[in-house]
Amino acid sequence: MMKLENILQDPAAAYAKPQDVLGDANLSNEDKCKVLAQWEYDAEELQTATAENMPGPNDSLLDDILAVKKQLNCDASK
């Protein structure tokens, strides 16, 4: 089991896809939302970095992250 701090440093290294965060029984929903928020930030940074080039393979990743966040109601507390 990875520690939350380690997962937050690089969610893509801890999980193959955003949906895998949902199935992690070791994390509370609040922690899952934190992981997804960090992953969303990382994906957006990557998108920005590659914006002047052709779209990369991570375009759908951001959609997946947002979909999982919606399933968990991550933004409901804001």
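Positions are given from 1 along the sequence. Basis for what follows: all heavy atoms, side chains included, without hydrogens, waters or symmetry-related copies.
Taking CG of Leu36 as the start and NZ of Lys70 as the end, the distance is 14.5 Å to the nearest 0.5 Å. Here Lys32 contributes atom NZ and Asn26 contributes atom CG; the two are 9.0 Å apart, rounded to the nearest 0.5 Å. To the nearest 0.5 angstrom, Gln19 atom CD is 9.5 Å from Ile65 atom CD1. Of the inter-residue distances, the one linking Leu61 atom CG with Glu44 atom CD reads 11.0 Å to the nearest 0.5 angstrom. Here the straight-line distance linking atom CD of Glu5 with atom NZ of Lys34 works out to 9.5 Å at 0.5 Å rounding. Note that CG of Leu66 is 12.0 Å distant from CD of Gln71, once rounded to the nearest 0.5 Å.
Within the 3.5 Å criterion, the main-chain N or O of Val21 finds no donor-acceptor partner in the side chain of Asp24.
Residues Trp39 and Tyr15 share a closest heavy-atom pair of CH2-O, 3.5 Å.
Open room surrounds CD on Glu30; 12 or fewer heavy atoms of other groups in view lie less than 6.0 Å from it.
Note on Asp75 versus Lys69: salt bridge recorded, some NZ/NE/NH1/NH2 to OD/OE distance being below 4.0 Å.
Between Asp31 and Leu8, every side-chain heavy-atom pair lies at or beyond the 4.5 Å cut-off. In this structure the side chain of Val68 never reaches within 4.5 angstrom of the side chain of Asp64, judged on heavy atoms. Side-chain contact between Asp42 and Pro11: present, with at least one pair of heavy atoms (C-beta onward) separated by less than 4.5 Å.
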